[in-house]
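One-based numbering along the sequence shown.
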Amino acid sequence: MKKINLSGFGSADSDMDGFSDSPLANAYTEVWGNSLEKVERLNINQLCHFSDDSGNSQPFRLNDNKIKQIISSADDIGIITPLIVRRISDNMYQILSGHHRYEAAKALEMLTVPCVVRNISDEKAFQIVSESNIQRDKMLPTEYGRIFAEYLKKRNDIDLTAKEIADKFGISAKTMYRYINVVKLIPKLQTYADEEKILLAAADIISGFSIGNQESVAEYLERPDSKKITPAIAKQFAEIIKNYDGDDVPAHELANLFRPKQKPRFKNGIYNKLAERFSFDSSEQELDELAEKLLVDYFKGREGNK
């Protein structure tokens, strides 16, 4: 099987010289840009699993299937998501997050892996190991989107179809393209997708909205009474946008979708339509009596004209 050509992107086993200015390093910076943390490429022999002076160690059992899955993808494109480590001596670092990636890199006999180095205490380190690893176990939609987009960009250098790429990650090609569409959203909506305020299939629909309408969706989600956007809600938003004939929809119009529907005043639909046009205080019984009288007069008039 052909491998992805990573020349110019800093291959997994390349020298560290020049890595910080490479396009791949810039891509990492995009993924980790919220914290403005620098990604460094460390020798794999400088890394070890977490432990502290109190005897706390990596509390999670490594998943062999997950390691195999990472090996399958990393064999082509390398380790994309940086490990989080802390320095414990001049030449050694403990892994706080990324134990599965570390084991996969060792299995592939990689010389270096990308890392974010943090100088933190035992207490803070164990908190990251205990909490962040659970959170990072499921990668963010934007991270998946960037990885899949990179795969597709390099498809000319790899003997894999889109379906085969998706199979590497245990998802369908349709789902893979949905992840890619997440990173086509405006930045605010990408954040909301990562926070699960926009579900993946809903993000796929919203990615087709204009920039102005995406901004309206973001403005809606900033409201304290906003709701998580499901695919059904995204489709309703699309219908509202369609009715605006190309104009940007104000955020309050999207919010109106969730306002309680006013209970019909009358059981008779015709009476409700008349109530929308005319102001009157008649009860439904009074309108029934009036309708009966008018109809009787109407039909009597027809008989008289015969």
Side-chain angles (χ1 to χ4, degrees), residues 26-34 69 73 77 80-81 134-155 158 160-262:
N26 293 335
Y28 287 153
T29 301
E30 286 182 12
V31 173
W32 296 89
N34 290 338
Q69 186 181 55
S73 59
I77 200 170
I80 294 294
T81 304
I134 296 175
Q135 297 169 9
R136 300 296 303 169
D137 187 57
K138 179 182 178 183
M139 289 176 59
L140 300 175
T142 52
E143 292 174 336
Y144 272 127
R146 290 189 180 102
I147 290 170
F148 294 143
E150 184 65 27
Y151 258 106
L152 292 184
K153 193 187 341 181
K154 294 291 182 183
R155 218 169 8 170
I158 186 172
L160 287 176
T161 65
K163 182 180 182 305
E164 288 170 333
I165 292 171
D167 287 343
K168 277 180 169 288
F169 295 86
I171 61 174
S172 67
K174 182 177 182 180
T175 298
M176 181 181 72
Y177 281 111
R178 282 177 170 172
Y179 278 118
I180 292 172
N181 282 338
V182 170
V183 295
K184 294 179 181 178
L185 297 170
I186 63 174
K188 282 184 179 179
L189 293 185
Q190 290 186 36
T191 299
Y192 286 132
D194 284 343
E195 294 174 353
E196 298 185 350
K197 292 183 179 179
I198 304 176
L199 300 187
L200 182 61
D204 186 42
I205 296 169
I206 295 170
S207 68
F209 295 177
S210 68
I211 298 297
N213 283 322
Q214 287 190 37
E215 289 173 348
S216 294
V217 173
E219 187 179 338
Y220 160 73
L221 284 171
E222 291 168 1
R223 296 168 61 103
D225 60 343
S226 66
K227 297 181 181 294
K228 179 185 294 187
I229 301 181
T230 63
I233 290 174
K235 288 177 182 177
Q236 289 177 293
F237 282 177
E239 286 299 316
I240 294 172
I241 290 169
K242 184 179 178 181
N243 291 334
Y244 267 69
D245 295 326
D247 292 333
D248 291 339
V249 176
H252 68 82
E253 286 290 346
L254 301 179
N256 285 341
L257 181 65
F258 304 102
R259 288 185 179 169
K261 302 296 182 183
Q262 189 173 3

(message) Can you tell me how far apart NZ (Lys174) and CG (Asp204) are? Round to the nearest 0.5 Å.
(response) 8.0 Å

(message) For the aromatic rings, using the six-membered ring if either is Trp, is the centroid distance between Phe209 and Phe237 under 6.0 Å?
(response) no

(message) Donor-acceptor check, side chain of Asn213 to backbone of Val249, threshold 3.5 angstrom: yes or no?
(response) yes

(request) Determine the minimum heavy-atom distance between Ser210 and Asp248, stating which atoms define it. (result) OG-OD1, 3.4 Å

(request) Taking the side chain as every heavy atom from C-beta outward, state whether Arg178 and Val182 have any pair of such atoms under 4.5 Å apart. (result) no

(request) Of all the heavy-atom pairs spanning Ala234 and Ile206, show the shortest one and how long it is. (result) CB-CG1, 4.2 Å

(message) For Glu222 versus Lys188, what's the shortest heavy-atom pair and its separation?
(response) OE2-NZ, 3.2 Å

(message) Are Val217 and Leu185 packed together at the side-chain level, in the sense that at least one heavy-atom pair is separated by less than 4.5 angstrom?
(response) no

(message) Please find the pair of heavy atoms, one from Ala218 and one from Ile186, that lie closest to each other, and give the distance.
(response) CB-CD1, 4.3 Å

(request) Could you walk me through whether Ile240 and Asn256 pass the side chain to side chain contact (heavy atoms under 4.5 Å, CB included) test, one step at a time? (result) CA-CA 10 Å; Ile240 294 172; Asn256 285 341; over 6 Å; no

(message) If you define the side chain from C-beta out and look only at heavy atoms, does anything of Ile171 sit under 4.5 Å from Tyr179?
(response) yes

(message) With heavy-atom distances below 4.5 Å as the criterion, would you say the side chains of Thr230 and Ile233 are in contact?
(response) yes

(request) I would like to know whether Arg146 and Thr142 meet side chain to side chain contact (heavy atoms under 4.5 Å, CB included); could you show each step before the answer? (result) CA-CA 6 Å; Arg146 290 189 180 102; Thr142 52; 3.9 Å; yes

(request) Using a 4.5 Å cut-off on heavy atoms from C-beta on, say whether the side chain of Met176 contacts that of Leu152. (result) yes

(request) First locate atom CD of Gln214, then atom CD of Gln190, and finally report the distance between them rounded to the nearest 0.5 Å. (result) 9.0 Å

(message) Give me the atom names and distance for the closest heavy-atom approach of Ala193 to Pro141.
(response) O-CG, 3.8 Å

(message) Nearest 0.5 angstrom please: Phe148 CZ to Thr175 OG1, how far?
(response) 9.0 Å

(request) Answer yes or no: is there a donor N or O on one side and an acceptor on the other, between the side chain of Tyr220 and the main chain of Lys227, under 3.5 Å? (result) yes

(request) Output, in order, the C-alpha distance, side-chain angles, deciding distance and verdict of side chain to side chain contact (heavy atoms under 4.5 Å, CB included) for Ile229 and Ile205. (result) CA-CA 11 Å; Ile229 301 181; Ile205 296 169; over 6 Å; no

